[in-house]
Student: 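Quick one: the structure is below, and I'll ask about it shortly.
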Amino acid sequence: MAQEQGLDLVEIAPNSSPPVCKILDYGRYKYQAQKKAAEARKKQKVVEIKEIKMRPNIDTHDYEVKMKNMLRFFEAGDKVKVTLRFRGREMAHQDLGMKLLMKVKDETADIAKVESHPKLEGRQMMMVLAPISR
C-alpha cells in the first residue's frame with residue numbers, strides 16, 4: 001500500500017503486540033520532528049546564578065541597591081548567590097556577617113527560598129537563594 005502511494009512504511013511501536021506501523025512521508029516526518037524539538041529548545045528558560053557581593057559593614061543605601069537588584073533577578077527567574085567578603089580584622093566578627101545574611105534571608109522570605117544555607121569558605125561567607133516558583 002505504501003509503495004502504491006509513493007510513501008514510506010514506518011514502524012511506530014515495535015514492542016507492542018501486534019507492532020504498529022504508519023504509512024507516511026518519512027522525510028517530512030523527520031523534518032517536523034526536528035522543527036518541534038527546535039521550538040521546545042527555544043521556549044525553555046535557562047536558570048542562571050547571579051552573584052551579589054557584599055561586605056559585613058555595608059551602608060544602608062548600598063544594601064538597599066543590592067536588595068533591589070536581587071529582587072529583579074528573582075523576577076527574571078534566576079538564582080542569586082550572596083557572597084560576603086571578609087577583609088583583615090573583619091574575620092574576628094563573623095557574627096556580623098551571619099546577621100547580615102540572615103537579614104537578607106528574612107527580607108526575601110516571601111519570594112525566595114534558601115537553597116544553600118550560609119557557610120564560611122576561607123574569607124568568604126556564601127548563601128544561595130532560589131526564586132519560589134508560582
Side-chain angles (χ1 to χ4, degrees):
M1 286 173 55
Q3 285 177 346
E4 289 173 13
Q5 296 176 11
L7 299 172
D8 303 310
L9 183 67
V10 180
E11 192 173 25
I12 302 297
N15 298 333
S16 65
S17 177
V20 179
C21 294
K22 240 183 185 177
I23 296 175
L24 51 86
D25 183 3
Y26 187 66
R28 182 172 174 218
Y29 170 76
K30 271 179 55 176
Y31 175 75
Q32 286 174 340
Q34 185 180 11
K35 283 288 187 193
K36 199 174 187 182
E39 188 71 27
R41 271 196 311 274
K42 193 164 76 171
K43 287 185 179 175
Q44 75 182 10
K45 168 80 172 92
V46 178
V47 176
E48 289 184 42
I49 296 182
K50 303 286 189 172
E51 188 173 13
I52 298 283
K53 292 184 179 182
M54 295 185 190
R55 296 275 310 280
N57 54 351
I58 190 169
D59 193 48
T60 53
H61 180 262
D62 297 334
Y63 175 78
E64 289 166 6
V65 170
K66 303 265 186 194
M67 288 302 291
K68 195 186 296 182
N69 287 335
M70 217 179 293
L71 298 177
R72 193 182 70 217
F73 294 150
F74 288 136
E75 286 171 8
D78 296 325
K79 293 180 182 182
V80 175
K81 177 180 176 183
V82 183
T83 304
L84 204 62
R85 189 79 185 253
F86 293 99
R87 282 177 160 166
R89 292 186 187 162
E90 289 174 351
M91 283 300 288
H93 301 286
Q94 294 173 13
D95 55 319
L96 294 176
M98 189 58 85
K99 282 181 189 173
L100 182 64
L101 288 180
M102 288 302 145
K103 183 179 174 186
V104 169
K105 176 183 164 186
D106 293 339
E107 287 187 19
T108 59
D110 55 331
I111 56 166
K113 62 180 181 285
V114 177
E115 198 165 87
S116 123
H117 291 280
K119 61 178 176 269
L120 188 70
E121 292 179 8
R123 292 191 157 273
Q124 291 185 347
M125 197 175 278
M126 285 181 252
M127 175 172 72
V128 178
L129 299 166
I132 296 174
S133 55
R134 294 175 187 189

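Nothing here was measured: the structure is a model prediction, and the numbers come from that model. Only this structure's heavy atoms are used, side chains among them; waters, hydrogens and symmetry mates stay out.
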Student: Suppose we screen for salt bridge (charged side-chain N to carboxylate O under 4.0 Å, His left out). Which residues come up paired with Arg28, at least two apart in sequence or across chains?
Tutor: none
Student: My understanding is that a hydrophobic cluster links ILVMFWY residues whose side chain heavy atoms are under 4.5 Å apart, including indirect links. Using that, what else belongs to the cluster containing Leu24?
Tutor: Val10, Ile12, Val20, Tyr26, Tyr29
Student: Answer whether the closest heavy-atom distance between the side chains of Glu11 and Pro19 falls below 4.5 Å.
Tutor: yes
Student: Can you tell me how far the NZ atom of Lys30 sits from the CG atom of Asp8, to the nearest 0.5 Å?
Tutor: 11.0 Å
Student: When you look at CD of Gln3, are more than 12 heavy atoms from neighbouring residues, nucleotides or ligands closer to it than 6.0 Å?
Tutor: no
Student: Within a radius of less than 6.0 Å around NZ of Lys22, do more than 12 heavy atoms belonging to other residues, nucleotides or ligands occur?
Tutor: no
Student: Could you give the distance from CE (Met125) to NZ (Lys119), rounded to the nearest 0.5 Å?
Tutor: 11.5 Å
Student: Verify the cluster assignment for Met126 and Leu129: are they in a single hydrophobic cluster under the rule of side-chain heavy atoms below 4.5 Å apart?
Tutor: no
Student: For a quick test of reading the model, state the closest non-hydrogen atom pair linking Pro18 to Ser16 and the distance between them.
Tutor: O-OG, 3.1 Å
Student: Between Met54 and Asp62, does the side chain to side chain contact (heavy atoms under 4.5 Å, CB included) criterion hold? Intermediate values first, please.
Tutor: CA-CA 9 Å; Met54 295 185 190; Asp62 297 334; over 6 Å; no
Student: Have a look at Thr83 and tell me which of Glu121, Glu51, Lys53 forms a side chain to side chain donor-acceptor pair (under 3.5 Å) with it.
Tutor: Glu51
Student: Can you name the closest pair of heavy atoms from Phe74 and Ala130 and give their distance?
Tutor: CE2-C, 4.2 Å
Student: Among all residues two or more places apart in sequence or in another chain, which pass the side-chain hydrogen bond (donor to acceptor under 3.5 Å, both in side chains) test with Arg72?
Tutor: Asn69
Student: Kindly write out the residues that satisfy salt bridge (charged side-chain N to carboxylate O under 4.0 Å, His left out) with Lys66, not counting sequence neighbours, or none if the list is empty.
Tutor: none
Student: Are Ile52 and Val65 joined in one hydrophobic group, where the rule is that I, L, V, M, F, W and Y side chains link up if heavy atoms are under 4.5 Å apart?
Tutor: no
Student: Starting at NE2 of His61, measure out to CD1 of Ile58 and round the result to the nearest 0.5 Å.
Tutor: 11.0 Å
Student: Tell me, with the steps shown, if Asp78 and Ile49 meet side chain to side chain contact (heavy atoms under 4.5 Å, CB included).
Tutor: CA-CA 6 Å; Asp78 296 325; Ile49 296 182; over 6 Å; no
Student: Can you give each donor-acceptor pair under 3.5 Å made by side-chain atoms of residues 86-105, sequence neighbours left out, with the distance rounded to 0.1 Å?
Tutor:
unit_1	atom_1	unit_2	atom_2	d
Glu90	OE1	Arg55	NH2	3.3
Glu90	OE1	Arg87	N	2.8
Glu90	OE2	Arg55	NH2	2.5
Gln94	NE2	Met91	O	3.3

Student: Evaluate the side-chain proximity of Val128 to Val80: yes if any heavy-atom separation is below 4.5 Å, no if none is.
Tutor: no
Student: How long is the gap from CZ on Phe73 to NZ on Lys81, to the nearest 0.5 Å?
Tutor: 14.0 Å
Student: If you link ILVMFWY side chains whenever their heavy atoms are less than 4.5 Å apart, which other residues fall into the same cluster as Met1? By chain and number, please.
Tutor: Leu7, Leu9, Ile23
